[in-house]
There are 2 protein chains.
Amino acid sequence: MISKSELRKTARTPTRLDKVDKAGASLSGRAYQQIRDEILRGDLSIGDVLSRRRLAKRLNMSFLPITEALKVLETEGLVESRPRIGTRVRVPNEQDIRDSNVIREALESQAARLSAQNMTAEDKKQLRTSARHLDQLQKMCAREHADSRFLFSVHTYHMEFHMRIAELSRSPGLRRAIEKEQVLIFNWLYDIAANQRTLPEGFHSTLAEALCSGDPLVADTAMRVHVQYGLDQVLERLANYDGGDAWRLKSTKS
Amino acid sequence: MISKSELRKTARTPTRLDKVDKAGASLSGRAYQQIRDEILRGDLSIGDVLSRRRLAKRLNMSFLPITEALKVLETEGLVESRPRIGTRVRVPNEQDIRDSNVIREALESQAARLSAQNMTAEDKKQLRTSARHLDQLQKMCAREHADSRFLFSVHTYHMEFHMRIAELSRSPGLRRAIEKEQVLIFNWLYDIAANQRTLPEGFHSTLAEALCSGDPLVADTAMRVHVQYGLDQVLERLANYDGGDAWRLKSTKS
DNA sequence: TTAACAATCATGATATATCAGAGATAAACC
DNA sequence: GGTTTATCTCTGATATATCATGATTGTTAA
């Protein structure tokens, strides 16, 4: 059994929402961070309309910084905008999910290759521990219906596990790319596949072992299996989610 | 021997600079395209300073659309900006090149895998032809000192060859990602390794054959070899290129 | 001659104001 | 009652103006 404090202890790298960056320097940077966080936290869900003016009022700035922030978020694929109509949190279609998974497979298998070559004994020990914890946590999720708060924290832990591997590749650029792609599918998966699917026994431990083997090809293959798993379930759930062309008349809370 | 008209004929997909998109609709979209093209064409080279006001005057618009365009180009990694100091075409360091290559390897090997599975007989035939042409063209470049106009067109042809493979993966998202990464390193490589290095005999034909084999793993490996080749030479040339902290006092032509 | 300093200039960041287009709404017409 | 149309409000897009800050340059004092 794992307590929450223990959970935090293993995840030492603050690699997710809580990066302050130099982006906080400018107003547009702060707006970017704020909106991004709210999307990632789920405060804004898929399809929610983002009014520049309302956001400006809420964040205490003119809507020019907001516009820039949304522009960036749009190029990152987190929101979508149609001229003179509106901006909303992006609603992905099946192809988007598929593509995202293809790219994720490419990037993370590359990270697996590099990590397998670069890991120290200490790295391996930590990764094995994380994997074991994660497997236990997810088994708990599958068994009883945990509250969404707990589900979220497990999801966060899962994400950090993958980001750890990305870091072990020792390629900052690759890490950034993976983080971006993770972020992209983050809210999609989290929103749609809210109740975790059941995973094979020792799902992450197996992956960790493959990485620790030191063989790039083995690591690559294991990661591909890992990423591919469960794509179909997600797609199936997505099918029930519409939100296609309804742009206005949504919850216009922000 | 290959004529230029023949060269065009084989490259049927207009997948590069000349995309008009819906980006041309808005002023900021047009600005984005224009500036991007000029960087890619080499009219603006690495380190060149981009004054928003001058650009605004030159493109006949206020500098707000320019600002948005540069913001997007910045998130794409084509330009870099320091608050209240200036904006310039991005000057990559060694790590940037390395990372870019790692990502490119990941994405393109993935494309190779998928392509190997998806290609029709017709696709294979066309790809083989393109590869043969490309090999011939590059051999010509290596032999005599061709003019930069010709070098550029060969480089373009090379890029289109890779984009063809990206398209054969049948994953629009992957294609987009590859194009973006290609664009990123495009001007770097073109500027720095202006005179082509000599390539192994039948460099691209070998790759094409691997793809046509239909085996994902073979295709993957071949693509990795292809991408990796010559990275060191590029890095060596980059070392001679400084431009580190000199922000102002550059050619302030735009 | 050189080092410190101050004025000036250019830059990006931001605010405010205005514009044009798309949807929604409701009145008017058949 | 159902359909059309006019208007009204919302949106993002753009222009202009102003601000704070870093860079440059010219001046002055040692």
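Here is the naming used below: chain letters follow the sequence lines, and residue numbers restart at 1 for every chain.
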Would you indicate which nucleotide in dT11(D), dG12(C), dG23(C) comes nearest to any side-chain atom of Thr87(B)? dG12(C)

Among dA13(D), dA23(D), dA15(D), which nucleotide has an atom closest to any side-chain atom of Pro65(B)? dA15(D)

Value in whole Å for how far the P atom of dG12(C) lies from CZ of Arg52(B): 5 Å

Closest non-hydrogen atom pair between Ser171(A) and Asp99(B), with its separation: OG-OD1, 2.8 Å

Within the structure, does a side-chain N or O atom of Ser51(A) lie under 4.0 Å from either OP1 or OP2 of dT11(D)? yes

Nearest-Å distance for atom pair CD/P, residues Glu74(A) and dG12(D): 11 Å

Whole-Å distance, Arg53(B) CZ to dC19(D) P, equals 14 Å

Minimum-distance nucleotide to Ser62(A) side chain [options: dA15(C), dT11(D), dT11(C)]: dA15(C)

Nearest-angstrom distance from the residue atom CD1 of Ile66(B) to C1' of dG12(C): 13 Å

Rounded to whole Å, CG of Leu70(B) lies from C1' of dA13(C) at a distance of 13 Å

Go through dT14(D), dT11(D), dT11(C) for me and flag the one nearest to the Ser26(B) side chain. dT14(D)

Residue Leu64(B), side-chain atoms from C-beta onward, closest of dT16(D), dA20(C), dA13(C): dT16(D)

May I have the distance from Arg82(A) (atom CZ) to dT11(D) (atom P), rounded to whole angstrom? 16 Å

In terms of heavy-atom contacts, Arg36(A) and Glu76(A) come closest through NE-OE1, 4.4 Å

Counting heavy atoms from C-beta on, name the nucleotide in dA15(C), dT21(D), dA15(D) closest to the side chain of Met61(B). dA15(D)

Euclidean distance, atom CZ of residue Phe63(A) to atom P of dA15(C) [Å, nearest integer]: 11 Å

CG on Leu73(A) to CD on Glu68(A), rounded to 0.5 Å: 12.0 Å

Consider side-chain contact (heavy atoms from CB on, under 4.5 Å). Of Ile39(B), Leu78(B), Val49(B), which one does Leu44(B) pass it with? Ile39(B)

Out of curiosity, Leu174(B) CG to Ser100(A) OG, how far, rounded to the nearest 0.5 Å? 11.5 Å

Check the distance between dG23(C)'s P and Arg88(A)'s CZ and give it to me in whole angstrom. 12 Å

Of the nucleotides dA15(D), dA13(D), dA23(D), which one has an atom closest to the side chain of Arg84(A)? dA13(D)

Would you tell me if any nitrogen or oxygen in the side chain of Ser28(A) comes within less than 4.0 Å of OP1 or OP2 on dT14(C)? yes

